[in-house]
> 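Take this structure, written in structure tokens, and hold onto it; I'll ask about it next.
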Amino acid sequence: MSSLINFLNPKLKPSVECEAVCEDGYTADNLIASDREQLERGFMCFAVCKPPVEIVFDLPKAIDMKVIKLWHTSGAFRSTAFEVHSKYDGIWERVANVRDLSKGVDSVTFCYQSDYNSRSSAAATQHQSEKVFFFKTAHKILANTNSVKVVIRATERCPPVLRKIQIWGLPARSLDKGDRELMKTIWSEISDPFGQRDQAHHSVGQRSPSRNIPELREQSTLSLPEEFLDSITWELMIFPTVLPSGKVVDQSTIDKHAVEEGKWGRQPCDPFTGLEYTPQRKAVMNLALKARIEKFLMENSEHFKTVPRSLGSSRMRRRHASQYASSMCQPGQCSFAAGTYSSLSSAYKQQQRKTKSTVTFTATSSTAAFLGQSPASPPAAKRARHSHHSASATVTASSVHQSLAAASTSTTGPSSIDQALQQALQKITRFTQVGSVAGSGTPPRCINCRSSQFGYEIRTCHHLVCRECLVLLSSTQQCVCKVSFRGADVERYHKLP
């Protein structure tokens with residue numbers, strides 16, 4: 001059976017109606033709410049309300065309904081009898097019912113008897129869920145329906161309650177192919193937003209075609225460490241993953257378990273505890289253990305028939321690389337879709353092209369000019385990636401060549417290239433440095449207090465001032481030289497190292 005879709009997910013735009021009077025905060029809208037706290041609160045009628053209570057769910061498109069699962073308890077309150085109706089040619093038809101639910105039952109699952117087997121029965125007993133089959137005539141009704149009515153017929157001396165409900169199925173065959181594909185695409189984005197689950201078909205007798213477990217030689221006596229083996233299948237792990245229960249299994253085991261759960265309308269869960277995965281309770285890949293397994297295989301490669309350079313197929317490696325990249329990206333720092341391998345690489349390439357196009361001049365071009373190379377084509381590996389604004393950080397090429405030429409022809413020049421570069425850079429006019437001060441040989445000082453700790457320049461008169469003196473001069477907006485200035489005429493002065 002293909003993976004089913006929960007059509008009561010709020011992103012699929014279902015609607016719900018109930019004419020019964022509800023308790024404050026426990027309306028029927030909670031059953032399809034997008035807020036998690038509101039969804040867990042469920043539906044509860046007012047204390048004086050008596051059954052029957054009808055709850056009608058409308059879907060925007062027709063579906064082929066396969067499974068209905070509902071949780072009928074809320075604390076000490078418990079509903080004990082239900083009926084399920086669906087519309088056929090505009091008339092409500094009953095398709096299933098259940099009565100006298102026992103206290104040990106936590107949920108009720110309505111499904112077809114043809115989809116039921118002994119294996120699912122054992123799982124239902126473990127999860128304290130009762131199976132109820134649709135009527136034999138229900139197939140023609142449920143194969144193309146967009147309205148479902150759940151009737152609470154009886155309770156255990158309490159108001160009618162319904163804590164949670166899910167309607168699983170597939171898009172109806174009567175829909176256009178485009179509508180069916182659109183619904184499947186939306187559901188795949190809801191259930192697997194980061195592409196963590198490979199939709200691969202598993203052949204009979206194989207766990208996963210992408211595992212490629214290294215096989216021991218016939219004459220080998222090497223024993224595999226127990227920590228490298230899957231806790232369920234007892235096979236060598238390729239992608240060891242830590243479950244919320246603390247057990248370590250291979251990722252393929254989790255995928256296979258999720259596929260089996262999806263066949264019966266259940267969300268992926270921990271195989272050991274049966275608890276559904278949440279953002280706080282989820283499986284996490286153990287990268288350190290995977291590295292130890294690879295190291296063990298390389299050190300003992302003579303005991304194996306073949307040992308790959310990296311465990312797992314290329315698809316599996318890309319998938320887990322995207323998971324690791326999405327965990328490293330912090331909110332607000334990644335403009336691409338976190339967790340997508342292709343978007344990571346494309347965004348990186350786009351950023352590299354943008355950086356190369358915006359660089360106007362690099363420090364390596366100065367080095368190339370000093371060494372006699374052409375500054376127009378510096379080595380690509382040594383291009384400096386600066387993103388300063390051209391108005392304040394662009395060095396004039398003429399001053400660079402003049403300074404470098406003077407440094408190279410000087411008879412008393414320095415003994416090393418580094419010293420020559422420092423000497424050349426000190427004579428370059430850049431940022432907002434005043435040419436007269438730089439050429440006089442005297443260190444520049446504040447125009448008011450004559451301190452060397454200056455940081456600003458008044459562009460109208462080209463005088464340097466420190467922060468304290470700038471505050472005093474800003475009150476009169478007049479420099480010491482009696483030249484007026486405004487706040488926009490003051491800019492930061494960057495001193496050379």
Side-chain angles (χ1 to χ4, degrees), residues 332-333 351 354-371 375-376 378 382-497:
Q333 296 180 357
Q351 182 181 6
K354 183 178 179 181
T355 305
K356 291 180 181 179
S357 63
T358 55
V359 172
T360 57
F361 201 81
T362 62
T364 53
S365 63
S366 302
T367 307
F370 180 79
L371 296 177
K382 297 184 179 180
R383 292 176 183 173
R385 287 162 172 79
H386 300 296
S387 58
H388 301 293
H389 296 287
S390 58
S392 61
T394 304
V395 184
T396 57
S398 59
S399 61
V400 172
H401 293 307
Q402 292 175 3
S403 301
L404 292 176
S408 60
T409 56
S410 176
T411 57
T412 61
S415 58
S416 66
I417 295 177
D418 294 337
Q419 294 179 358
L421 288 175
Q422 292 294 332
Q423 182 178 355
L425 290 175
Q426 288 178 1
K427 298 180 180 181
I428 294 175
T429 303
R430 64 178 186 178
F431 295 109
T432 58
Q433 186 173 356
V434 183
S436 60
V437 178
S440 61
T442 59
R445 299 180 180 274
C446 175
I447 188 62
N448 187 34
C449 63
R450 310 303 301 171
S451 172
S452 60
Q453 301 296 327
F454 57 89
Y456 299 91
E457 179 195 6
I458 304 175
R459 291 189 297 176
T460 55
C461 58
H462 301 286
H463 285 151
L464 304 178
V465 293
C466 60
R467 183 177 181 84
E468 291 77 8
C469 296
L470 179 62
V471 174
L472 298 176
L473 297 177
S474 298
S475 59
T476 58
Q477 293 188 352
Q478 190 175 17
C479 184
V480 178
C481 62
K482 306 301 181 181
V483 177
S484 300
F485 68 91
R486 298 176 302 170
D489 298 330
V490 180
E491 69 176 3
R492 184 78 178 177
Y493 183 83
H494 300 271
K495 294 185 291 185
L496 291 173

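Both backbone and side-chain heavy atoms feed into the values below; hydrogens, waters and symmetry mates do not. Along the sequence shown, the residues carry numbers beginning at 1.
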> Is there side-chain contact between Val465 and Asn448, with heavy atoms separated by less than 4.5 Å?
no
> Which side-chain N or O atoms in residues 472-485 pair as donor and acceptor under 3.5 Å with protein atoms at least two apart or in another chain?
residue: Ser474; atom: OG; partner: Leu470; partner atom: O; Å: 2.6
residue: Ser475; atom: OG; partner: Leu472; partner atom: O; Å: 2.6
residue: Thr476; atom: OG1; partner: Leu473; partner atom: O; Å: 3.3
residue: Gln478; atom: NE2; partner: Lys482; partner atom: O; Å: 3.3

> Sequence neighbours left out, what passes side chain to side chain donor-acceptor pair (under 3.5 Å) with Arg467? Give chain and number order.
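Per chain and number, Arg467 pairs via side chain to side chain donor-acceptor pair (under 3.5 Å) with Tyr456.
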> If you compare all heavy atoms of Cys466 against all heavy atoms of Cys446, which two are closest, and at what distance to 0.1 Å?
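It is N-SG, 3.4 Å.
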> What distance do Leu464 atom CG and His462 atom NE2 have between them, rounded to the nearest 0.5 Å?
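Answer rounded to 0.5 Å: 10.5 Å.
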> Are Glu468 and Val471 close enough that some pair of their side-chain heavy atoms sits under 4.5 Å apart?
no
